[in-house]
Every structure is written in C-alpha cells, then in structure tokens.
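Start at 1 with the first residue, then count along the sequence. FYI, side chains are in, hydrogens and waters are out, and symmetry mates aren't considered; it's all heavy atoms of this structure.
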Amino acid sequence: MARDCFQQALAALDPQMLLRAFLRTHPRLSAQRDIVIALGKAAAPMLAGWLEGAPEPDEAVLVRPAGTPPLEAAPARLREFLAGHPDPNEVSLQAGAALLEAASRCAADPANYRLVALISGGGSALAEVPLAGGLDHLREINRLLVASGAPIRAINCIRKHRSALKGGRLAAAAGGACQISLVLSDVPHDAWADVASGPTCPDGTTQADYEAAWRRWLPGEPELHPETPKPGDAAFAQAEWHCLADNYDACKALAAAARAAGFDPVAVDHGADEMEEAEAAGYLLGRWRALQAAQPRACLIAGGEVRVRLPGDHGRGGRNQQLALRIALALEGQPGCFLSAGTDGVDGSSDAAGGCADGTTAARIRAAGLDPIAHLRRHDAHPALAAAGALIHTGPTGNNLRDLRLFLPA
C-alpha cells in the first residue's frame with residue numbers, strides 16, 4: 001500500500017502537467033521571442049510542457065542527466081546535453097558554456113529576446129563553468145561536499161561562489177533582458193531560489209557566508225572570487241520567478257493518496273528535514289508512535305532530506321535506504337510499515353529510489369544470511385534491503401521534489 005501511495009503522488013506531480021497548468025493561467029503578454037533553457041532532472045518534461053503551451057522558441061538548450069527519458073517532440077533549434085550526475089563531467093562543462101552563450105544572445109538584443117529558464121534539481125552537477133580549476137578539481141570538491149554531511153544551503157553557498165553560472169550569474173549574462181524562471185524545487189520550502197544553485201536568482205548569501213561554509217565543511221582555505229549578484233542588481237530588473245511545486249506540494253499529494261486508501265487522520269511533518277539520519281529516525285518514530293496511540297488508523301507523512309556523513313570505506317545505498325534500514329531494526333516484531341524514497345527515483349550510489357520497512361524486514365535480512373546492523377554501520381543498506389525485497393525501484397522519474405516518507409499502520 002505504501003508503494004502505491006508513493007506512485008500516486010508522483011503521478012499527481014508530473015512536471016509536464018504542471019507546466020501546462022502554469023501556461024493556462026499565465027497567458028503570454030510579451031511579443032519578444034523566447035530563448036528557452038531547461039536544466040535539471042525534470043528538464044525534458046518541463047520543456048515538453050512549455051512547448052505544448054507556448055510559441056516555438058527561437059532557440060532551446062536542454063541539459064538533463066544521462067539515462068533520463070528523452071524529449072519526444074523537439075523544437076527546430078535545440079541543443080541537448082546529457083551531462084553527469086551526481087558527478088559533473090566534460091559534458092557538464094559544455095552544457096554550462098552553452099547556457100551562458102544562450103543568455104548572452106538575450107543580452108545582445110534585449111528588445112527582441114526573452115530568457116525562459118526551466119529549472120529543477122540536479123542542475124548543480126549537470127552544468128558548470130568554474131571560476132577556477134578544471135574538471136578534476138570541480139569533481140573533487142563535489143565529492144567532498146556530498147560526503148561531508150553538510151546542509152544543502154551550505155553546499156549551494158559554496159557552489160555559487162565558485163561558479164560563473166550559478167548564484168545569479170547566468171541571469172547577469174543576459175544583460176538585464178526580460179527573464180522568467182519556472183522552478184521545481186528540491187530544496188527546503190523557503191529556499192527554492194537555491195535550486196540548481198540559483199543560476200537565474202539573486203544570491204542571498206555573501207562572501208563571508210561562503211568562506212565560513214568552506215572552513216566548516218571543506219579542508220584548506222577557501223578560494224576567493226568576485227561576489228555574486230544580489231537582490232536589487234540590474235540583472236534582475238526585468239526578471240520574474242515562479243515556483244511550480246516543492247516538497248510541501250509533494251507531501252500534500254502523498255497525503256491525498258493516503259486518504260484515498262482509507263487512512264485518516266493524516267499528519268504531515270517537516271521537522272526532520274536536514275536532520276542527521278539517526279536523529280531523524282528517532283524523531284519520526286516518536287511522532288508516529290504518538291499518533292498511533294491516539295488513533296490506530298493514523299498515518300504520518302514526512303518530507304525533506306536527511307543528512308548522512310559517509311565514512312571513507314562505505315558500501316552501496318543512499319540516505320533513504322540508510323533510514324529505511326534503521327527503521328527496519330526499530331520496527332522489528334512490531335506492526336506498521338515505513339517508506340522512504342526520492343521523488344527523482346534515485347537514491348545515492350544505487351539504482352533504487354529508496355526502501356520500505358516493516359516488522360519483518362530485519363528478520364528477512366538475517367534469513368538471507370546478512371547482518372542488518374553491520375550493513376547499517378557500513379552505510380551499505382542496498383544489499384541488505386535487496387535481500388529482504390524491500391527496495392523501491394521507479395527508475396528516473398523526470399522530477400525532483402526532495403524525499404518523501406510515509407508511516408502506515410498494519
């Protein structure tokens with residue numbers, strides 16, 4: 001049942017559908033020609049939705065992860081880049097240069113061109129133009145940040161201040177031309193301007209924030225670069241931004257699916273967002289048990305991401321699988337079911353979106369000859385959950401609205 005609810009929530013948040021709905025309620029008033037850039041894990045369906053409801057763009061640049069579903073009906077002038085994620089690659093650098101080139105076309109003729117930016121999560125790795133260092137240096141910093149357990153805001157702050165593309169610098173490259181950014185958010189509720197490290201949004205972080213984040217989460221001294229464009233900068237004089245959906249909307253969709261399945265009341269909680277994984281497990285279990293004591297048919301929905309600090313020698317999995325394995329041990333022999341999965345269909349270094357757990361999961365892992373506690377300690381949740389048939393596989397979903405978690409009664 002938990003898996004069915006998760007799938008129904010994903011279907012209700014289809015990016016192509018969200019773009020169509022936006023265009024129906026926001027008729028185009030400008031006579032300018034559009035240069036459209038689509039960046040992120042939802043880039044292809046977002047661009048498809050835009051093409052359905054808007055005039056043919058003068059040019060389109062599509063940057064998406066390799067392995068995600070393609071754009072079925074491409075515009076006449078399309079440049080497409082299948083770039084690296086979670087690690088940037090050579091194509092990521094080519095994509096970053098192409099995005100800056102597209103923005104510069106708007107700067108060269110702002111009376112006739114408008115920049116349309118369709119932005120979703122994952123864009124930080126998919127496109128980049130480093131202010132210093134080459135690809136190897138970029139990949140090393142990315143690797144250190146991902147493994148550090150740093151909050152996403154600190155990670156994005158560092159990325160913005162090292163980039164010629166992020167932190168509003170792509171908008172600045174458009175030279176004050178008209179701009180509209182449509183965002184699907186994979187960051188905390190009040191920070192959607194950070195999606196893909198905010199290439200078209202004013203940067204609310206400072207050089208001092210960047211230096212402090214670097215010293216807290218990375219070795220050595222920070223590399224210093226010019227400050228990013230701030231709110232009020234001329235680059236944003238003719239810019240507008242719209243967040244089409246975020247993790248709160250994903251939780252609402254999951255709550256609707258749970259109610260339709262007969263569970264009520266339904267509680268939605270974001271208190272564990274950005275918590276360390278072990279702390280989040282205790283918090284969520286406490287919330288769910290309190291709900292169960294008051295109402296046996298209650299379910300708990302939680303959104304956001306948990307933080308995991310990876311040891312040097314770790315196994316396979318991701319934050320959702322690690323959390324599901326920890327909950328499996330806590331639920332052993334008890335009623336109830338737990339699901340934790342990424343709305344993008346990808347969890348860490350694996351082919352799974354996440355995992356499920358109930359009172360029998362840990363026993364099934366042991367019956368397969370594995371020690372669930374040892375796998376938890378090694379951050380090697382994937383083979384343990386696989387042995388229990390507890391992995392969730394969706395494949396890349398073409399979306400990215402952070403993670404969803406669901407506790408259901410037995």
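- Side chains of Asp273 and His189: no donor on one and acceptor on the other come within 3.5 Å.
- When all heavy atoms of Leu325 and Pro372 are compared, the pair lying nearest together is CD2-O, 3.7 Å.
- Salt-bridge formation is detected for the pair Arg402/Glu274: a Lys NZ or Arg NE/NH1/NH2 atom is positioned less than 4.0 Å from an Asp or Glu carboxylate oxygen.
- Residues Leu184 and Pro15 share a closest heavy-atom pair of CD1-CB, 3.6 Å.
- Between Thr394 and Gln7 the shortest side-chain heavy-atom distance falls below 4.5 Å.
- Put simply, the side chain of Asp233 never gets that close to the backbone of Phe236: no donor and acceptor are under 3.5 Å apart.
- Here His242 and His26 bring their ring centres to under 6.0 angstrom of each other.
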Exercise for review: Evaluate the criterion salt bridge (charged side-chain N to carboxylate O under 4.0 Å, His left out) for residue pair Arg162 and Glu128; output intermediate values, then yes/no.
Suggested key: CA-CA 10 Å; Arg162 297 192 67 256; Glu128 182 58 294; 5.6 Å; no
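- Only one option out of Leu51, Leu47, Leu78 pairs with Pro57 in a side chain to side chain contact (heavy atoms under 4.5 Å, CB included); it is Leu51.
- A salt bridge links Glu332 with Arg366: at least one charged nitrogen is closer than 4.0 Å to a carboxylate oxygen.
- Gln292 places a side-chain N or O within 3.5 Å of a backbone atom of Ala298 that can act as its donor or acceptor partner.
- With values rounded to the nearest 0.5 angstrom, Leu131 atom CG is found 9.5 Å from Glu223 atom CD.
- Asp344 has its side chain out of reach of Pro396: every pair of non-hydrogen atoms, C-beta onward, lies at least 4.5 Å apart.
- Remark: of the listed residues Leu115, Leu118, Val63, Val116, Leu115 is the sole one forming a side chain to side chain contact (heavy atoms under 4.5 Å, CB included) with Ile37.
- With contacts defined as side-chain heavy-atom distances shorter than 4.5 Å, the pair Glu101/Val61 does not qualify.
- With Tyr113 as the aromatic partner, Arg105 meets the cation-pi criteria of under 6.0 angstrom to the ring centre and within 45 degrees of the ring axis.
- Of all heavy-atom pairs between Cys299 and Pro409, the closest is CB-CD, 4.4 Å.
- A salt bridge is defined here as a Lys NZ or Arg NE, NH1 or NH2 lying under 4.0 Å from an Asp or Glu carboxylate O, and Asp203 with Lys230 meets this definition.
- Of the possible donor and acceptor atoms, none in the side chain of Arg364 sits under 3.5 Å from a partner among the backbone N and O of Gly389.
- Atoms CG and CG, on Leu135 and Leu93 in that order, are 5.0 Å from each other to the nearest 0.5 Å.
- Side-chain contact annotation: Gln16 with Glu52, donor-acceptor N/O pair under 3.5 Å present.
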Review point. Does the pair Asn399 and Thr397 meet the rule for a side-chain hydrogen bond (donor to acceptor under 3.5 Å, both in side chains), with working shown?
Key: CA-CA 5 Å; Asn399 208 340; Thr397 63; 5.8 Å; no
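- The local environment of CG in Asp190 is crowded, with over 12 non-hydrogen atoms from other residues, nucleotides or ligands closer than 6.0 Å.
- Considering only heavy atoms from C-beta on, Cys356 stays 4.5 Å or farther from Phe338 through its side chain.
- Taking 4.5 Å as the limit, some side-chain heavy atom of Gln207 sits within range of a side-chain heavy atom of His161.
- Under the 4.0 Å criterion applied to side-chain N and carboxylate O atoms, Lys252 and Asp246 are not assigned as salt-bridge partners.
- Separation of atoms CD1 (Ile180) and CG (Asp34) is listed at 9.0 Å; rounding is to 0.5 Å.
- In this structure the side chain of Thr343 never reaches within 4.5 angstrom of the side chain of Leu13, judged on heavy atoms.
- Panel note: side chain Arg64, backbone Leu126; no donor-acceptor pair is recorded below 3.5 Å.
- The side chain to side chain contact (heavy atoms under 4.5 Å, CB included) with Phe407 is formed by just one residue from the set Leu285, Leu291, Ile301; it is Leu285.
- Shown here is Arg297, whose CZ atom has more than 12 heavy atoms of other residues, nucleotides or ligands within 6.0 Å.
- Within the 4.5 Å cutoff, the side chain of Leu254 has no heavy atoms near those of the Val266 side chain.
- When only modelled atom types and interatomic distance are considered, Asp347 and Ser350 share no side-chain donor-acceptor pair under 3.5 Å.
- Side chains of Asn142 and Asp87: a donor on one and an acceptor on the other come within 3.5 Å.
- In this structure, the side chain of Trp214 engages the main chain of Pro219 through a donor-acceptor pair within 3.5 Å.
- Checking side-chain atoms of Glu56 against main-chain N and O of Ala76 turns up a donor-acceptor pair under 3.5 Å.
- Across all their heavy atoms, Lys166 and Ser163 have their closest contact at N-OG, 2.9 Å.
- Formation of a donor-acceptor pair under 3.5 Å by the Asn320 side chain with backbone atoms of Gly354 is not found in this model.
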Point to revise | Derivation and outcome, side-chain contact (heavy atoms from CB on, under 4.5 Å), residues Ile141 and Leu145 | key: CA-CA 6 Å; Ile141 289 176; Leu145 283 172; 4.0 Å; yes
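- Counted by atom type alone, Ser197 and Asn156 present one or more donor-acceptor pairs between their side chains at under 3.5 Å.
- Side chain of Gln295 to main chain of Asp264: no donor-acceptor pair is present (N/O by atom type, distance under 3.5 Å, no hydrogens or angles).
- From Ile392, atom CD1 reaches atom CD of Gln321 across 9.0 Å, with rounding to the nearest 0.5 Å.
- Using a 4.5 Å heavy-atom cutoff, the side chains of Asp186 and Trp192 are not in contact.
- Look at Arg319 and Glu305 and you find a salt bridge, because one of the NZ, NE, NH1 or NH2 atoms lies within 4.0 Å of a carboxylate O, short of that distance.
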Check your understanding: Between Asp249 and Leu401, does a side-chain contact (heavy atoms from CB on, under 4.5 Å) hold up when you go through it step by step?
Key -> CA-CA 9 Å; Asp249 298 297; Leu401 299 171; 5.8 Å; no
Check your understanding: salt bridge (charged side-chain N to carboxylate O under 4.0 Å, His left out) between Glu277 and Arg309: does it pass, once the steps are laid out?
Key -> CA-CA 9 Å; Glu277 172 265 327; Arg309 188 186 298 271; over 6 Å; no
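- Of the possible donor and acceptor atoms, none in the side chain of Lys160 sits under 3.5 Å from a partner among the backbone N and O of Ile155.
- Ion pairing between a basic and an acidic side chain is recognised when a charged N comes within 4.0 Å of a carboxylate O; Asp58 and Arg77 show such pairing.
- More than 12 heavy atoms of other shown residues, nucleotides or ligands fall within 6.0 angstrom of atom CE in Met275.
- A distance of 15.0 Å separates CZ in Arg153 from CD1 in Ile158, rounded to the nearest 0.5 Å.
- Inspection of the Arg79 and Gln94 side chains reveals no N or O donor paired with an N or O acceptor under 3.5 Å.
- Among all heavy-atom pairs drawn from Ala173 and Leu100, the shortest one is CB-CD2, 3.9 Å.
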Exercise for review: List the steps and the verdict of side-chain contact (heavy atoms from CB on, under 4.5 Å) for Ser124 and His85.
Suggested key: CA-CA 9 Å; Ser124 294; His85 190 280; over 6 Å; no
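- For the atom pair Ser349 OG and His379 NE2, the distance stands at 11.0 Å (nearest 0.5 Å).
- Side-chain N or O atoms of Trp241 include none that pairs as donor or acceptor with a backbone N or O of Val183 at under 3.5 Å.
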